[in-house]
Each structure stands twice: as C-alpha cells, then as structure tokens.
Amino acid sequence: MSAAGPDLVIRGGTIVTASDRFVADLAVTDGKITQIARRIEGGHEQIDATGLLVLPGGIDAHVHLAQEQGDGTVMADDFSSGTRSAIAGGNTVVMPFALQRRGQSLRQAVQDYHALAEGKCWSDVSFHMIITDPTPQVLGQELPALVREGYTSFKVFMTYDDMVLNDAELLEVFDASRREGALVMVHAEGHDAIKFMTRKLEERGQTAPYFHAEAHAQIAEREATHRAISHAQLVDVPIVIVHVSGREPMEQIQWARRRGLRVFAETCPQYIALTADDLKGLNMDFEGAKYVCSPPPRDSDSQAAIWQGLRDGTFDIFSSDHCPFYFQGEQGTGKDNARARTSFKWVPNGIPGVETRLPLLFSEGVSKGRISLERFVALTSTNPAKLYGLYPQKGALVIGADADITLWDPERTAPIMQESLHHGADYTPFEGRMITGWPVRTILAGRTVFQGGEIVEPEAKGRYLLRGKPLEVMPPI
Ligand code: DUC
Ligand code: ZN
Ligand code: ZN
C-alpha cells in the first residue's frame, strides 16, 4: 500500500454476495481485497460504482477450448479468444477441459493443454480432465499424482463412440475418485439408446438437425442420470451431473437427494433460453444445426422445471458448456460440412455461450424476478468456487480474496448481437435476445481487463489455478 492508500477503491456500489447485499466501498491492494467499509478514503485508482452492482467475478466451470475433434471440424475458440470472450461476459475464471485421447496418458493430456493455454489466457483458468481410457495405470498412478498436484476434478462420458465408458469402467473411475478425494463430473446420456434412436430415425429418412433432439431423448438422459447415481451410491462417492436439460433427469437428482446422497447438479443457458423447436431452423432446414448440442434443449415444461430447480437449490451451479463451432467454417471445419448435411449424427455437438451466460441468467432470472441477486451470485460464482476447490480465494468478496470483481449495470438494456461478441464462432444461438443487465467492467486481480464493451488490458495476464480438494467447503445437501 502506498502513501495514497490502497491501489484501488471501488466506491458506492451495491456489493452482492451469495448471502447479502449492501452499499459499501471496497479496497484492493496487490491484487487482493483488503477492506470493505462504508467509506474508504484515498485509492491510487478510484472507480465510482454508484448505481452499479459489485459482484464476485463469474466462474464458468464448464468450457471447452481448443479441443481436438478428429473429424475435420475445429473448435472456434482457442485459449486466447475463448478467455477474451469470457472476460467480456463478466467472468474472471474459466474451467476448460484437458481431454485424454484413448491410448494417451492423462499426464500427457494435461501437458498438451497447458501448452495450448500458456501465455494466452485473459482470465484465470483451471482444467478439469476428461478420462476416456481408465486403465489401471491411469487410475492407480497418474490420477492420484495429478490430484495431489491440484488437478482435482474430471469428467466422464456415458455416450460418444470415442469417449464412452461402460458401467464397469464408470465404477472403477468412481472408486478412484473416492480414494483420491477428487470430484467426477458425469455426462449422463445413455449411449445405446441414442444409437438405437439414431438408426431408427435415419432409416425413416429423418436426418435433419432437428432429429438430433429426438435421438438424444430425455428418457436416455433420465436413465443415464439414474444409472450414474446408482453407481455413485454403490461406491459411496459424490458426483456432479453436468448440463442437466430438463424435468426428468432433475427428478432423478431429487430422488437421490431425498435419500441423502451427495449428487450435485449443473444446468446451462440453453436449457432456459432454447427449446428443441430451435433445432427446426426455418423449415426443418440446416439452420437448426446452430442449436445442436448435447443434451439438446427440451420443451417449455422442462424450462419451467429448470427455473424451479435454479430457485429451490436442485441446481448448485450454472455454467455455459461453451463448446464453440463455426457454422460456416472453411473447408468443412464448421457445423455446415458435407457429412453433417447427410445426417444430424455428424453435426458437431455444442454451442458458444461463455460471453452470454451471465447476461442471460441475469436478464431472464434476476431482472424478471425469477431468482434473487444472491442466488445469481451463488449459482455463477460462489458455488462453482466451493464445489471445485477454489473458495475462498475465488467466488467471494471477503478480505484476502483475489480481487476478481465484475461491475454490473442492472438497468442497461441491449440485445445480444454476434457483432458485439468476442468469441471465435461466426454466430450466436441467442442472436437478438433482449437483455436487461450487462457486465460493464471486469476486474481481474485488481486490474480492469474489460470495460465498456472493449478488452482494455494490453496483454493476456490470466494465471493457471491449481486447486484444493473439492467439496471441503461445499455444504452438505
Ligand atoms: N458435452 C459437453 O459437455 N459439451 C459439449 C458436447 C457434449 O457432449
Ligand atoms: Zn458433456
Ligand atoms: Zn461440455
């Protein structure tokens, strides 16, 4: 701290945490929050936040960047464009995946993604691993060492030919997770049911993008959710069911919790803002591919259920599942490629959303009175920090925490427009949505990195975050 006092004072804003809101000044020195008080004098830099909300920076705990596809398509964001888009959307931490290819060591996968991220991150980042090849060596040697070093969560898939784990493998992975105190995230969709539906639909000539939503039926998600929960119960390990799309898988999560099982749940913007009808495009045309993601968006009944779950605590976290593809793309690199035109099953699964996650939940949730401001903060920052072992360094506005702060204008009304976004994709599935409440300034470790629609930091200064054991600060359900 210099003679002028703190490095930064944010003055007169409404500070919002997962439990409280109050008007106060907030001081920062050396990148940490040092004081919160009614009035703080001085400050080398001073920000007048009158009329704004002062929120802990958003933590997007489910983001795909620069993931290798292996089918000629490419992800539209690398670590640079993806994290620029993140900070423009009010986030200070993103959690992308380090994907293990079959036959590859987990350690190598982590090193590969570090090489892709090195020097390119505009927000802080921390990886989840994806385990596709759970050999005894991976589960018995590599995973324990990586967990000890701070790679403490990983995802497994119950579908996709190149990633699916069978039940025996899931049980082994869950058991390793229990031994090591790591946290497993589960992509719960039943592989055989999806393959069966896909074949039937194709036999009938129903190959347009819309039929992706029928092939990836909610019943298949419900069944896999229950199966994952049963395996976790058998092994006695907590799990996170990610990207829950609708009422039926939610009911399984509620079923588990009534029995005292530690099952955490995540949902995403596409399940409140889109429905399967969006996959129809204009007239069952290929425009629908813009909305193809897995699990797919459902119907208005499921949207209502998801809102209820966001309110009542069924959902712990709200993440984007940002998985960006070009629509057009050059030479078959986008969703619109020759093979994808022959069947929905070849359309890359995923949509961009790291920049629009917070505005969509704020506008549809807080501005429309569906959830409180405090719940918004819990779902988008505090709970992801707790669940994945970053709290209270992240996700909290308390003395000693990193000064990762988003200033939010709850009144600003403007539509989502592709031309204003910073992601690499050539479209947004939320084009034209009117949003009330936007981030206007993102502060990472005390430095303003985004302000008034522009990235203002000259260089990528995000850090890699090693993490503690998950769950140690997450309250029991
Ligand atoms: N699962 C994800 O988590 N993201 C995109 C595609 C998928 O299947
Ligand atoms: Zn998934
Ligand atoms: Zn995902």
Side-chain angles (χ1 to χ4, degrees), residues 61-62 67 95 97-113 127-195 220-244 249 252-253 255-256 259-266 294-295 387-389 467-472 474:
H62 187 152
Q67 254 175 246
M95 301 187 69
F97 294 87
L99 165 66
Q100 178 203 28
R101 279 179 281 107
R102 289 204 175 130
Q104 189 188 32
S105 87
L106 203 51
R107 168 75 61 187
Q108 188 61 51
V110 169
Q111 284 172 356
D112 288 353
Y113 280 84
F127 301 148
H128 309 290
M129 301 173 284
I130 292 177
I131 298 183
T132 62
D133 203 358
T135 61
Q137 163 75 12
V138 165
L139 298 186
Q141 312 283 325
E142 294 197 71
L143 185 69
L146 285 159
V147 171
R148 275 197 300 278
E149 289 170 33
Y151 302 89
T152 54
S153 53
F154 52 89
K155 183 175 176 191
V156 291
F157 284 77
M158 296 173 76
T159 188
Y160 292 127
D161 286 333
D162 52 349
M163 295 201 274
V164 61
L165 302 190
N166 63 32
D167 286 348
E169 290 169 325
L170 282 174
L171 285 158
E172 292 297 342
V173 170
F174 286 9
D175 201 29
S177 164
R178 184 189 52 75
R179 282 196 307 271
E180 305 308 329
L183 189 57
V184 196
M185 309 158 75
V186 183
H187 180 124
E189 289 189 289
H191 191 51
D192 288 346
I194 292 169
K195 286 186 53 152
E221 186 182 348
R222 180 240 285 163
E223 178 278 325
T225 302
H226 187 85
R227 187 153 39 99
I229 288 168
S230 299
H231 292 347
Q233 182 178 14
L234 206 59
V235 170
D236 189 22
V237 68
I239 55 170
V240 189
I241 307 290
V242 292
H243 46 49
V244 174
Q252 299 307 310
I253 291 157
W255 178 93
R259 284 157 180 77
L261 305 178
R262 293 195 91 190
V263 176
F264 298 95
E266 172 199 79
S294 287
L387 190 60
Y388 294 119
R467 290 178 283 121
K469 294 255 170 101
L471 299 172
E472 285 183 352
M474 195 69 182

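Numbers for residues simply follow the sequence, beginning at 1.
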- Item | Heavy-atom side-chain proximity of Ile130 to Phe154 below 4.5 angstrom | no
- Which heavy-atom pair separates Ala188 from Glu221 by the least distance, and what is that distance? O-CG, 3.3 Å
- Query: Does the Gln100 side chain pair with the main chain of Asp133, one donor and one acceptor, at a distance under 3.5 Å?
  - Reply: yes
- Item | Test item: His243 and Glu266 side chains (from C-beta on) under 4.5 Å apart, heavy atoms | yes
- Shortest non-hydrogen pair, Pro249 vs Thr225, comes out as CB-OG1, 3.6 Å
- Residues which pass side chain to side chain contact (heavy atoms under 4.5 Å, CB included) with Asp175, listed by chain and number, not counting sequence neighbours: Arg178, Arg179, Val235
- Message: So which atom in Asp161 and which in Val164 form the shortest heavy-atom distance, rounded to 0.1 Å?
- Response: O-CG1, 4.0 Å
- Item | Those residues that, when tested against His191, pass ring-ring contact (aromatic ring centres under 6.0 Å, His included) (two or more places apart) | none
- Is the backbone of Asn166 close enough, under 3.5 Å, to the side chain of Glu169 for a donor and an acceptor to pair up by distance? yes
- Query: Does Glu180 use its side chain to pair, donor to acceptor, with the backbone of Val147 at less than 3.5 Å?
  - Reply: no
- Query: So do Arg101 and Gln108 actually touch side chain to side chain, heavy atoms under 4.5 Å?
  - Reply: no
- Do any N or O atoms from the side chain of Arg467 and from the backbone of Phe127 form a donor-acceptor pair under 3.5 angstrom? yes
- Message: I'd like to know if the side chain of Arg102 reaches the main chain of Thr132, judged simply by a donor and an acceptor atom lying under 3.5 Å from each other, with no hydrogens or angles considered.
- Response: yes
- Query: Do Arg107 and Gln141 come within less than 4.5 Å of each other through their side chains, counting heavy atoms only?
  - Reply: no
- Taking Ser153 for its side chain and His128 for its backbone only, find out whether a donor-acceptor pair lies under 3.5 Å. no
- Message: Using only atom types and a distance under 3.5 Å, with no angle test, would you say the side chain of Glu189 pairs donor to acceptor with the backbone of Ala220?
- Response: no
- Note on the structure: Between Val240 and Leu387, the two heavy atoms sitting closest are CG2-CD2, 4.1 Å
- Answer yes or no: is there a side-chain heavy-atom contact under 4.5 Å between Phe157 and Asp162? no
- Message: Ignoring hydrogens, what is the shortest heavy-atom contact between Met185 and Ala61? Give both atom names and the distance.
- Response: CE-O, 4.0 Å
- Which atoms form the tightest heavy-atom contact between Gln104 and Ala109, and what is the distance? OE1-CB, 3.6 Å
- Query: Would you say Leu165 and Glu172 make side-chain contact, with heavy atoms under 4.5 Å?
  - Reply: no
- Task: Report yes or no: does Thr152 contribute a side-chain atom to a donor-acceptor pair with the main-chain N or O of Gly468 at less than 3.5 Å?
- Result: yes
- Query: Is the backbone of Val173 close enough, under 3.5 Å, to the side chain of Ser177 for a donor and an acceptor to pair up by distance?
  - Reply: no
